[in-house]
Amino acid sequence: MKSEPNVFSFEDLLKAPKKTTHWEGVRNYQARNLMRDQFKLGDLVLFYHSNAEPTGIFGVCEVVKEAYPDSSAWDSKNKYFDSDSKKKGINPWVMVDIKAVSRFSIPVLRDTLKDSSALKEMLVLKKGSRLSVQPVTESEFQHILQLGKPIAIK
DNA sequence: GCCAACGTTGGC
DNA sequence: GCCAACGTTGGC
């Protein structure tokens with residue numbers, strides 16, 4: 001999952017109550033479908049900082065609540081407010097809850113991903129790959145864990 | 001700050 | 001249904 005650290009960083013998640021957050025504001029159908037259909041309780045998620053210096057993966061989270069309606073879509077004060085969907089009376093957007101489980105003692109930076117032959121096919125490295133939620137293969141995930149040397153969060 | 005890639009919108 | 005115009009994302 002991608003986040004701009006100046007909006008919400010991995011550090012912010014560590015500081016959040018129960019180190020857990022609602023992943024609100026996804027307004028792209030492909031990303032929504034991934035959260036709705038693929039995210040299962042206990043699944044692990046890599047936390048990626050985009051549009052930042054540096055960009056890369058900073059830790060691992062766990063899905064602690066599967067997809068449910070994203071209430072921010074109907075909250076006119078929220079920056080992710082979707083007035084059209086509220087007018088129609090159908091909220092198409094979902095969120096999941098994720099909890100930080102480990103932080104990388106060595107952040108796996110974008111340059112590192114590019115340098116690793118096992119990882120250079122990762123979706124996030126493809127040109128124009130803007131999806132804020134992206135699938136990661138098991139082998140990619142394991143390689144990244146090795147590189148990041150995760151420290152469990154108590 | 002630039003701009004390529006992508007998704008969405010809306011005129012036709 | 002096509003596609004040009006537009007807004008957004010995000011690496012660089």
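Source: prediction; values computed, not measured. A, B, ... follow the sequence lines: proteins, then strands. Residue 1 opens every chain.
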query: Would you call A:Arg27 and A:Asp70 a salt bridge, using N to O less than 4.0 angstrom?
result: yes
- prompt: CD of A:Gln134 versus P of B:dA5: gap in Å, rounded?
  reply: 17 Å
- prompt: Quick one: do A:Lys126 and A:Glu121 make a salt bridge, cutoff under 4.0 Å?
  reply: yes
- prompt: Given that A:Tyr29 and A:Asn51 both sit by DNA chain B, which one's nearest nucleotide is further toward the 5' end?
  reply: A:Asn51
- line: Heavy-atom nearest pair, A:Leu14 first then A:Lys19, reads O-NZ, 3.3 Å
Closest non-hydrogen atom pair between A:Val26 and A:Arg32, with its separation: CG1-N, 3.9 Å
message: Without decimals, in angstroms, what is the distance between A:Glu53 CD and B:dG1 C1'?
response: 15 Å
Spacing of A:Leu125 atom CG relative to B:dA4 atom P, expressed in whole Å: 20 Å
message: Just the rounded figure in Å: distance from P of B:dG7 to CG of A:Leu34.
response: 13 Å
Touch class at under 4.0 angstrom, heavy-atom based, for A:Lys126 against every strand present: nothing
N or O in side chain of A:Tyr48 less than 4.0 angstrom from C:dG11 OP1/OP2: yes
- request: Specify the separation, in whole Å, of atom CG of A:Asn28 and atom P of B:dA5.
  value: 18 Å
query: Quick one: A:Lys127 NZ to C:dC12 C1', roughly how many Å, whole number?
result: 11 Å
field: Any A:Arg130 side-chain N or O less than 4.0 Å from OP1/OP2 of B:dA4
entry: no
- request: Rounded off to whole Å, could you give me the CD-to-C1' distance for the A:Gln30 and B:dT8 pair?
  value: 14 Å
message: Tell me the interatomic distance from A:Lys79, atom NZ, to C:dT9, atom P, rounded to whole angstroms.
response: 9 Å
